[in-house]
S.K.: 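Before I ask anything, here is the structure I am working with.
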Amino acid sequence: MEQEISQIERMETLIGSLLRLEKLCADGYEFTFSEHDVRPVIERAWSQLCPLWPNKEITITGDATLRCDEKWLSEAFQNLLKNACEHTAANGTITIILEQTDRVFFCTVEDNGGGVPEKDLPHLFDRFYRAEGQKQNGAGLGLAIVKEIIYRHHGHITAENSKAGLKFSISIPILNLTKS
């Protein structure tokens with residue numbers, strides 16, 4: 001009975017994530033943009049995850065202010081942090097660097113989990129993609145959702161292997177919209 005309940009809960013989560021992604025892709029959610037300091041957005045996203053991974057170390061350097069939808073950007077960072085936690089050792093580290101110019105917000109999220117095989121890199125943001133031999137039970141939708149959220153902010157996200165692990169790079173244009 002416990003196993004059946006667990007499978008039902010997994011299916012509910014999968015269906016919910018898939019519907020969320022489809023609705024995002026179909027422009028079915030309204031985004032509310034206003035200026036936010038990005039560091040507190042990331043810190044709040046982490047505060048929801050850190051009880052699950054109390055031995056993980058997260059370091060955030062830099063500051064940036066971005067015109068964004070705080071709720072959705074928080075969800076994107078929460079998915080990136082969850083992904084990093086699932087693919088690092090119990091005492092793994094995650095480093096986030098925030099930078100901003102007059103025109104672009106840059107952010108890198110890097111873990112020390114060893115990275116992924118090169119053949120998997122082009123597919124990390126594909127729906128349902130899971131690297132071969134992956135131990136996690138995820139459905140392969142989290143990074144697809146992240147990509148769509150960043151896209152809805154007119155941004156771009158890439159993934160690459162670094163010396164320590166996997167590194168995600170985000171760039172979002174600074175949009176200074178003034179009313180005339």
S.K.: Using a 3.5 Å distance criterion without hydrogens, assess whether the side chain of Asn112 forms a donor-acceptor pair with backbone atoms of Ala164.
M.R.: no

S.K.: Are Phe105 and Leu98 packed together at the side-chain level, in the sense that at least one heavy-atom pair is separated by less than 4.5 angstrom?
M.R.: yes

S.K.: Hydrophobic clustering (ILVMFWY, side-chain heavy atoms < 4.5 Å, transitive) - are Val104 and Ile96 grouped together?
M.R.: no

S.K.: With a 4.0 Å cut-off, would you call Glu86 and Lys82 a salt bridge?
M.R.: yes

S.K.: How far does CD of Glu75 sit from CD1 of Ile145, to the nearest 0.5 angstrom?
M.R.: 6.0 Å

S.K.: Would you mind telling me which of Asn91, Thr88, Thr93 makes a side-chain hydrogen bond (donor to acceptor under 3.5 Å, both in side chains) with Lys56?
M.R.: Thr88

S.K.: Ala90 and Asn55: which non-hydrogen atoms are nearest, and at how many Å?
M.R.: O-CB, 3.3 Å

S.K.: Leu81 versus Trp53: any side-chain heavy-atom pair under 4.5 Å?
M.R.: no

S.K.: With heavy-atom distances below 4.5 Å as the criterion, would you say the side chains of Asn83 and Val146 are in contact?
M.R.: no

S.K.: So which atom in His154 and which in Pro173 form the shortest heavy-atom distance, rounded to 0.1 Å?
M.R.: O-CD, 3.1 Å

S.K.: Donor-acceptor pair, Arg39 side chain versus Gly62 backbone, under 3.5 Å?
M.R.: yes

S.K.: Considering only heavy atoms from C-beta outward, does the side chain of Ile58 approach that of Thr95 to under 4.5 Å?
M.R.: no

S.K.: Give a yes or no answer on whether the side chain of Gln100 reaches the backbone of Thr65 with a donor-acceptor pair at less than 3.5 Å.
M.R.: yes

S.K.: Calculate, to the nearest 0.5 Å, the distance between atoms OG and CD belonging to Ser74 and Glu43 respectively.
M.R.: 11.5 Å

S.K.: Using the test side-chain hydrogen bond (donor to acceptor under 3.5 Å, both in side chains), find all partners of Glu118 that sit at least two apart in sequence or belong to another chain.
M.R.: Asn161

S.K.: Could you walk me through whether Ile60 and Ile97 pass side-chain contact (heavy atoms from CB on, under 4.5 Å), step by step?
M.R.: CA-CA 6 Å; Ile60 304 171; Ile97 300 172; over 6 Å; no

S.K.: Are the side chain of Asp69 and the backbone of Trp72 linked by a donor-acceptor contact shorter than 3.5 Å?
M.R.: yes

S.K.: Tell me whether Ile170 is reachable from Ile174 by hopping between hydrophobic residues (I, L, V, M, F, W, Y) whose side-chain heavy atoms are closer than 4.5 Å.
M.R.: yes

